[in-house]
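First the proteins, then the strands, lettered A, B, ... as listed; each starts at 1.
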Amino acid sequence: MTVRTRFAPSPTGYLHIGGARTALFSWLYARRHGGVFVLRIEDTDLERSTKESVNAILEGMAWLGLEYDEGPFYQTERFDRYRDVIQQLLDTGHAYQCYCSKEELDVMREEQKARKHKPRYDGRCRHRKGVPPKGVKPVIRFKNPLDGAVVVDDLVKGKVIIQNSELDDLIIARSDGTPTYNLTVVVDDWDMGMTHIIRGDDHLNNTPRQINILQALGAELPVYAHVPMILGADGQRLSKRHGAVSVMQYRQEGYLPEALINYLARLGWSHGDQEIFSLDEMIDLFDASDVNKASSAFNPEKLLWLNQQYIKNSKPEHIIHHLSWHLGQRGMDPTRGPDIIEVVKTQQERAKTLAEMADNCYFFYKDIDSYNEKDAGKHMKPEILPALETLATALSELATWDKEPIHDLIKAVAEQFELKLGKLAQPVRVAVAGRAMSPPIDITLALLGREVTLARLDTAVKYLHTLPAE
RNA sequence: GCUCCCUUCGUCUAGUGGCCUAGGACGCUGGCCUCUCACGCCGGUAACAGGGGUUCGAGUCCCCUAGGGAGUACCA
């Protein structure tokens, strides 16, 4: 039997990290078992579903690399099928029309609550006799079994038993004839041959009702795995006030998709002490039954650390693939300046995000029109002028513009003026980078090239001359 | 209220009755390295929600309590 899993978001917003993780687990499970991963868009809520949301979800999944084998299927295109199933349920006596008004139901629920009971439909229309009331469009309710219990053998939660007496006759078709969620998922999962339903544990309560419908339909039951939800860093339900919740926002902030994937996988799932997993390793090791039962809090610091690990250990070419978007955002053209591969190599150990890396690369590709005020105040002092001028002259005469000779030269000039290396390197750094932060000074100059280096040193010398002597 | 789910360092987790005076990771922190920023390396901090059982022995099994979450819609 081929394993078939699905991700079934409703398009009412962007792809958020909670959804992304259940999608990831579904995807991993399918890949692990050589199965099929299906994408289904649950857009039966016409009011809240939008085309933009569909695109946002598709975009997010594409960026994460969660490719699907079938779909996307849209529930709005399957209304005929749902109608048929509802009719079938009606014909076989598993469903009935209910003429209760909203007001009537509200009264009933209030009474139940007053008696400290669980509010639920009491099935009064099951046996409604005589002519239906005129002008009232009925809803269709599923006839839930009255006794017995439903047992869900959940891959994550274990055995969960719910008494049928706790369940009521849920509405499967609205008065306008459109199907509701619990009916459409069941029909779709059945039609699409889903063998494993991996979804958020907020659906655990729906599962017994869905199983009952499945059974009324004579369908084979899938295996369920209800994965816990992701909480915000404060342990509360994830929402916008926790910062980035949209997957695409992480791209903007400079995260590598594989870092996010790795982080999401490790949230609620683990394999011994291992923290970093390649996609192949995850596919090889992932099992739904190893997923933790408790929900976990999203920890931005750890994600940042993981991102840094990935940046440090990835091939420069791969980084550039994702970095170029950030460079473009800042108006930088990596073809006009030092070899971007060499620049990235110097940055892999000094940037936690691609956004930070792009900022760090700025002075390699753009002219600097000012110095960082604080750094200049600290390092750009008139007394460094002689050394700086000597260095500039020496650099202009240097035979080969390369890291080692540049390093030797700076060291020699520093010694000549009885300065520690840092005392000379820092002013040079501010002069060429605009701030007291850059890769090692010899590498920085080597990459920048002789022309740019000398021009910026010249600018610095002129700037120093404008300062009042102490 | 009712039903269901959950509970190991601040956070993510290891742990399936003795290997646990509870291990790893992030964070925080002391030090080393150092031309800046970083990387790296060595060290430190900190947890079995509480209470009862079962057992020679419990983080691990059972029960209760507390706390957290979900559902309880003509939303999904």
Side-chain angles (χ1 to χ4, degrees), chain A residues 8-12 42-45 47-49 75 98 100 102 105 109 112-120 137-141 152 154 156-158 160-163 165-168 170-176 178 180-182 184-185 200-208 226 228-229 231 233-237 263 266-276 292-306 308 312 346-352 360 375 379 407 410-411 414 419-426 428-430 433 435-442 444:
Chain A
S10 53
T12 55
E42 309 214 324
D43 53 354
T44 53
D45 186 346
E47 300 285 308
R48 298 195 298 152
S49 301
Q75 293 192 318
C98 168
C100 295
K102 273 189 177 151
L105 295 175
R109 289 193 188 106
Q112 288 165 333
K113 275 190 192 167
R115 280 184 289 136
K116 298 194 187 260
H117 283 194
K118 184 173 174 173
R120 33 198 272 271
K137 289 230 176 197
V139 298
I140 313 283
R141 287 185 185 270
V152 185
D154 196 276
V156 175
K157 305 284 186 181
V160 179
I161 302 166
I162 291 91
Q163 300 300 321
S165 55
E166 294 295 334
L167 273 21
D168 62 359
L170 66 292
I171 293 172
I172 54 176
R174 304 183 181 95
S175 47
D176 65 1
T178 58
T180 60
Y181 168 73
N182 277 298
T184 58
V185 241
D201 69 1
D202 47 338
H203 288 292
L204 186 54
N205 288 292
N206 287 325
T207 306
H226 286 95
M229 322 232 68
L231 271 24
D234 56 359
Q236 296 299 301
R237 194 180 178 146
Y263 179 73
R266 271 292 279 107
L267 212 52
W269 174 81
S270 62
H271 179 73
D273 286 339
Q274 191 171 342
E275 296 289 348
I276 297 177
N292 283 165
K293 296 173 171 202
S295 47
S296 32
F298 190 86
N299 185 337
E301 277 93 30
K302 189 150 182 179
L303 170 61
L304 192 59
W305 173 78
L306 257 177
Q308 180 189 118
K312 206 174 57 182
T346 70
Q347 288 301 332
Q348 288 186 272
E349 289 187 347
R350 4 185 82 79
K352 288 182 154 90
N360 290 349
D375 292 341
H379 302 291
H407 182 264
I410 296 174
K411 209 172 152 196
L419 294 167
K420 291 180 86 173
L421 188 53
K423 288 290 177 196
L424 180 57
Q426 284 300 76
V428 173
R429 182 168 272 125
V430 174
R435 56 180 186 172
M437 202 182 105
S438 85
I441 196 66
D442 47 357
T444 301

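- The side chain of Lys302(A) approaches C26(B) more closely than any other nucleotide in the set C26(B), A38(B), A76(B).
- Nearest-nucleotide assignment on RNA chain B puts the 5′-proximal partner with Arg120(A), out of Arg120(A) and Thr180(A).
- Ranking C74(B), G24(B), C35(B) by closeness to the Leu105(A) side chain, first place goes to C74(B).
- Base contact: Asn206(A) has a heavy atom under 4.0 Å from a base atom.
- A donor N or O paired with an acceptor N or O is not found under 3.5 Å between the base of G71(B) and the side-chain atoms of Asp202(A).
- In this entry U3(B) has A70(B) as its Watson-Crick or G-U wobble partner, both defining distances falling under 3.5 Å.
- Looking at Glu166(A) and Asn205(A), their side chains never come closer than 4.5 Å, going by heavy atoms from C-beta outward.
- For a distance-only test at 3.5 Å, the side chain of Asn205(A) qualifies as a donor-acceptor partner of the base of A70(B).
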With side chain to side chain contact (heavy atoms under 4.5 Å, CB included) as the test, would you mind laying out the steps for His379(A) and Arg429(A) before giving the verdict? CA-CA 9 Å; His379(A) 302 291; Arg429(A) 182 168 272 125; over 6 Å; no
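- At the heavy-atom level, His203(A) lies under 4.0 Å from base atoms of the strands shown.
- Counting heavy atoms from C-beta outward, Gln347(A) and Pro439(A) have side chains that approach closer than 4.5 Å.
- For Ala294(A), the side-chain atoms get nearest to U7(B) when compared with the rest of U7(B), C4(B), C39(B).
- Using a 4.0 Å cut-off, some side-chain N or O of Ser296(A) falls inside it from OP1 or OP2 of U13(B).
- A donor-acceptor contact shorter than 3.5 Å links the side chain of Asp176(A) to the backbone of Thr178(A).
- If you check every strand for non-hydrogen atoms under 4.0 Å, Val160(A) touches sugar and phosphate atoms only.
- In this structure, a donor-acceptor pair under 3.5 Å is absent between the side chains of Arg109(A) and Gln112(A).
- Syn is the classification of C39(B), since its glycosidic angle stays within 90° of 0.
- A gap of 16 Å separates the P atoms of C19(B) and C61(B), to the nearest Å.
- A heavy-atom distance below 4.5 Å is found between the side chains of Asp154(A) and Leu204(A).
- Using N1 to N3 plus N6-O4 or O6-N4 for Watson-Crick, or N1-O2 and O6-N3 for G-U wobble, each under 3.5 Å, A38(B) pairs with nothing.
- Counting distance only, with no hydrogens placed and no angle test, the side-chain atoms of Ser175(A) and the base atoms of C74(B) include a donor-acceptor pair under 3.5 Å.
- You'll find that the side chain of Leu204(A) is closest to C5(B), out of C35(B), C5(B), U72(B).
- Of the side-chain N and O atoms in Arg174(A), one or more sit less than 4.0 angstrom from OP1 or OP2 of A76(B).
- Distance from the side chain of Arg350(A) is smallest for U36(B) among the nucleotides U36(B), G24(B), A76(B).
- Here the side chain of Gln426(A) is nearest to one of C75(B), C35(B), C6(B), namely C35(B).
- Heavy atoms of Asn292(A) sit under 4.0 angstrom from primed sugar atoms or phosphate atoms, though from no base atom.
- Nearest to the side chain of Ile171(A), among C5(B), A73(B), G23(B), sits A73(B).
- One can find a donor-acceptor pair under 3.5 Å joining the base of C35(B) and the side-chain atoms of Arg429(A).
- Using a 4.0 Å cut-off, some side-chain N or O of Arg109(A) falls inside it from OP1 or OP2 of A73(B).
- At least one side-chain heavy atom of Leu306(A) sits under 4.5 Å from a side-chain heavy atom of Ile276(A).
- Note on Ala436(A): a base of the nucleic acid sits closer than 4.0 angstrom, heavy atoms only.
- Nucleotide C33(B) is matched to nothing when pairs are restricted to Watson-Crick or G-U wobble geometry with both distances under 3.5 angstrom.
- Contact annotation for Glu301(A): backbone-only contact, meaning every heavy-atom pair under 4.0 Å involves sugar-phosphate atoms and none involves a base.
- For C75(B), neither phosphate oxygen OP1 nor OP2 lies less than 4.0 angstrom from any side-chain nitrogen or oxygen of Thr44(A).
- No engagement by Pro9(A) is indicated, since no non-hydrogen atom pair under 4.0 Å with the nucleic acid exists.
- The shortest distance between the side-chain N/O atoms of Gln112(A) and the OP1/OP2 oxygens of C2(B) is not below 4.0 Å.
- When the side-chain nitrogen and oxygen atoms of Lys312(A) are compared with OP1 and OP2 of C39(B), none of them lie within a distance under 4.0 Å.
- When both distances must be under 3.5 Å, the Watson-Crick or G-U wobble mate of C26(B) is G10(B).
- Using modelled atom types, one side-chain atom of Tyr263(A) and one backbone atom of Asn299(A) make a donor-acceptor pair closer than 3.5 Å.
- Nucleotide C56(B) forms a Watson-Crick or G-U wobble pair with G18(B), both donor-acceptor distances falling under 3.5 Å.
- The shortest distance between the side-chain N/O atoms of Ser270(A) and the OP1/OP2 oxygens of A14(B) is below 4.0 Å.
- Nucleic acid contact class of Asp45(A) (heavy atoms, under 4.0 Å, all strands): sugar-phosphate only.
- The side chain of Leu267(A) lies closest to C12(B) when the candidates are A25(B), C6(B), C12(B).
- Using a 4.0 Å heavy-atom distance criterion, Glu47(A) is classed as making no nucleic acid contact.
- Taking atom P on both nucleotides, C37(B) is separated from C20(B) by 41 Å, rounded to a whole Å.
- As judged by a 4.0 angstrom heavy-atom cut-off over every strand, Gly200(A) is placed among residues making no nucleic acid contact.
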